[in-house]
2 protein chains.
Amino acid sequence: MVTLAEVARHAGVSASTVSYVLSGKRSISLETRERVEASIQELGYHPNAGARALASSKSNIVALMMPLRSDMYVPVMMEIAIAVATTARTHGYDMLLLTGDEGASAVRRVTRSGLADAMILMDVELKDERLPLLRESDRPAVLIGLPADTTGHTCVDLDFVATGALCVEHLAGLGHRDIAVIGEAPAVYERHTGFAERTLDGLRARSRELGVRLLHRPCEGGYQAVAATLARVFDERPGTTGFIVQNESAVEPLLGLLRQQGRAVPEDVSVVAICPDQVALQASVRLTSVSIPAQEMGRQAVVRVIAKLAGQPEDEVALLTPELSARASSGPAPI
Amino acid sequence: MVTLAEVARHAGVSASTVSYVLSGKRSISLETRERVEASIQELGYHPNAGARALASSKSNIVALMMPLRSDMYVPVMMEIAIAVATTARTHGYDMLLLTGDEGASAVRRVTRSGLADAMILMDVELKDERLPLLRESDRPAVLIGLPADTTGHTCVDLDFVATGALCVEHLAGLGHRDIAVIGEAPAVYERHTGFAERTLDGLRARSRELGVRLLHRPCEGGYQAVAATLARVFDERPGTTGFIVQNESAVEPLLGLLRQQGRAVPEDVSVVAICPDQVALQASVRLTSVSIPAQEMGRQAVVRVIAKLAGQPEDEVALLTPELSARASSGPAPI
DNA sequence: GACCTGCATCGAAGCGCTTCGACGAACTGG
DNA sequence: CCAGTTCGTCGAAGCGCTTCGATGCAGGTC
């Protein structure tokens, strides 16, 4: 391995000069800088990460902590992870991926050991056991999702209350009066995941305001589960003409089942989904949907956490405004 | 931050003794060890990662390099990534996630800087530009997927030739004589991704041996694309009774379309998919499938790369044997 | 010409850990 | 009872970098 000292010798300068060329923290004459840079190129020098971390007490790594559970919608997590990794790189950081199975103690391990300079937590629950540990460490962190108590935390999330409201508005605007919500799996509610409950809040509040009847049913993904849920919905509310699908793995089964039952979309029933755009476009009907801006969430989380590393204190909650794209799965309510 | 020296002082021993307690590289009396361990607990000591890396020239990090492209099947990648991260943890390693957008140079950066001790590359192409860089570095690496030339590399992959063969065998055994393959997106073939071509090899070879007519059509995911492909297939080979689906995002559209056309599964046509078990079980028909053992691939990659780190030279290709699970989507060919 | 200023560079002191050689004490065998 | 081991521990060197004075030198000022 090529070291700083070798570069220095090769360029005929001292080690500290090379270091300053690299960091730009002191002015270096153009001539010297170019000579040093040439040596770096020629020798193929890459600074040793460990030595750097030790000397500067900065690792240039951010840790992304993912939940291990698989009942979350996987593509969204993946998209966030990739956005975090690539955005971090553009700021000179690498990304360490922590899976939830190590539990909250991973937070302590990673921050205490100086492995990561900052953390981003995904899938934050209302009462998340990682949060106290985060507070006790002095490292910056950003949460993707909202805990019950956000004081002292920087959070990034889609505004799920507005998302719920938006879905109801859209359908109500088209004249639908009986709306069913195909919710997340029951386990998601039991775990008190913020986004599921907040969506529900938005859905309910807006339906009340608009005088729409709303039926919410949690639902596992997959064909069987959706079939059962759908049957129950039409049993309880035969007049249902609008569906809002929150659990993305229920989307395609729902469309298939409706078709099978001879209910045309959007002539007989309208469907609005909350899912990434890609899913909405690949479905058998081009879905009217509120997109989950996974990439933007990952990007923002990184930008904020790096701002905090740079010393800008920003303990605030950033809620992204949801956007509904009207496509082929929703239309006027039948008379 | 608590340091080794503080622990040593607290326990009344020298720093090196604490280090040896931690590493176990020299024998330490029970009494001393317990005293040191108690101090570690009490002070909440975690060794500094940078200092460790510098002194031992080992970072205890493995890097996983993911392709950036999204035409690969996402859940599989995700599953591999999570398996790699968790398996690595059980061996005392953390996982750095590199996305493909940095290009091959990321390999050099990460190995030269000593950021990672080893690398795992996903989605290896037949002629992969990262491989030369890998060879020039002395760090161990494992490939998930097979390049054209595997000499000097350790590879882990599903045996896709056998996978293709297995699908054909299953359908041929049920009496099907005209089989259509819904392949990966055209871009996947153009890129010469090994697994797609090898699957095709297996499919073709076995069909030839068993005297089965095989029609292969690349196909994008999504409803529209599958509809077009399906129409062409029945146009060219009206007698087609068996389908092998390689592109997992074509599975559900295919089932929906067949249903729509009044073709019953498995009475009129049989469908075999190559996909993770979870997908096969969540589909509208419980799918006969050859599962993609993503988790096992991730696990094996880590185990092998750690073996190499420990000095065991193993430049070999490990092909996992595919397994077909017969479920509800395949049955005897109609007469 | 003496003085100050600012720029470019150097030397040296660590950062917190691992690891090697050394050393005393306790044990072994002849 | 002494040489030879083995065991448990310590001290010090050093990993490759950052960073803080210090220093030399050119240029400007009075």
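We name chains A, B, ... by the order of the sequence lines, and we start the count at 1 in each one.
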query = Within this structure, what is the CZ-to-C1' distance between B:Arg33 and D:dG8, rounded to whole angstrom?
reply = 11 Å
query = Between atom CG of B:Asp117 and atom CZ of B:Arg139, what is the distance when rounded to the nearest 0.5 Å?
reply = 6.0 Å
ask   = When the distance from NZ of A:Lys58 to C1' of D:dC17 is rounded to whole Å, what number comes out?
value = 13 Å
remark   = Between B:Leu30 and A:Leu4, the residue closer to the 5' end of DNA chain D by nearest nucleotide is B:Leu30
ask   = So does B:Lys25 get a side-chain nitrogen or oxygen closer than 4.0 Å to the phosphate oxygens (OP1/OP2) of C:dT18?
value = no
request  = For B:Arg26 and for B:Asn48, find the nucleotide of DNA chain C with the closest heavy atom, then tell me which residue's nucleotide is more 5'.
outcome  = B:Asn48
task = Tell me what B:Ser27 touches on the nucleic acid: a base, only sugar-phosphate, or nothing, going by heavy atoms under 4.0 Å.
result = base
inquiry  = Is there a side-chain contact between A:Thr17 and the phosphate of C:dC10, meaning an N or O under 4.0 Å from OP1 or OP2?
reply    = yes
note = B:Glu34 CD to D:dT9 P, in whole Å, measures 12 Å
message = Classify A:Leu54 by what it touches in the nucleic acid, base, sugar-phosphate, or nothing, heavy-atom distance under 4.0 Å.
response = base
ask   = D:dG16 P sits how many Å from B:Leu115 CG, rounded?
value = 16 Å
request  = Looking only at side-chain atoms of B:Ala51, point me to the closest of D:dT9, C:dT18, C:dG16.
outcome  = C:dG16
request  = May I ask you to verify if any side-chain N or O of A:Ser19 is less than 4.0 angstrom from the OP1 or OP2 atom of D:dT18?
outcome  = yes
request  = Could you check how far CZ of A:Arg112 sits from P of C:dC17, rounded to whole Å?
outcome  = 13 Å
message = I need the CZ-P distance between A:Arg52 and C:dC17, as an integer number of Å.
response = 21 Å
ask   = Rounded to the nearest Å, what distance is computed from the CD atom of residue A:Glu31 to the C1' atom of nucleotide D:dC25?
value = 15 Å
task = Please report the C-alpha distance between B:Asp101 and A:Arg89 in whole Å, then the side-chain angles of each, then the deciding distance to 0.1 Å, and finally whether the salt bridge (charged side-chain N to carboxylate O under 4.0 Å, His left out) criterion is met.
result = CA-CA 10 Å; B:Asp101 63 336; A:Arg89 277 306 303 147; over 6 Å; no
message = Within the structure provided, determine whether A:Asp128 and A:Leu143 are in side-chain contact (heavy-atom separation under 4.5 Å).
response = no
task = Choose from C:dG14, C:dT19, D:dG14 the nucleotide whose nearest atom is closest to any side-chain atom of B:Ala55.
result = D:dG14
query = Using a cut-off of 4.0 Å on non-hydrogen atoms, how would the nucleic acid contact of A:Ser29 be classed: base, sugar-phosphate, or nothing?
reply = sugar-phosphate
note = Heavy-atom nearest nucleotide on DNA chain C taken for B:Tyr20 and for B:His46; more 5' hit belongs to B:His46
ask   = With a non-hydrogen cut-off below 4.0 angstrom, is B:Thr3 in contact with a base, only sugar-phosphate, or nothing?
value = sugar-phosphate
query = Taking atom types as modelled and ignoring hydrogens, do the side chains of A:Ser14 and A:Thr17 form a donor-acceptor contact shorter than 3.5 angstrom?
reply = yes
ask   = Between atom CD in B:Glu6 and atom P in C:dC15, what is the gap in whole Å?
value = 11 Å
A:Arg112/A:Asp138 salt bridge by N-O under 4.0 Å criterion = no
key: Side chain of B:Ser56 - closest among C:dT9, C:dC10, C:dT18   = C:dT18
remark   = The side chain to side chain donor-acceptor pair (under 3.5 Å) partner of A:Thr154 among A:Lys308, A:Gln300, A:Glu316 is A:Lys308
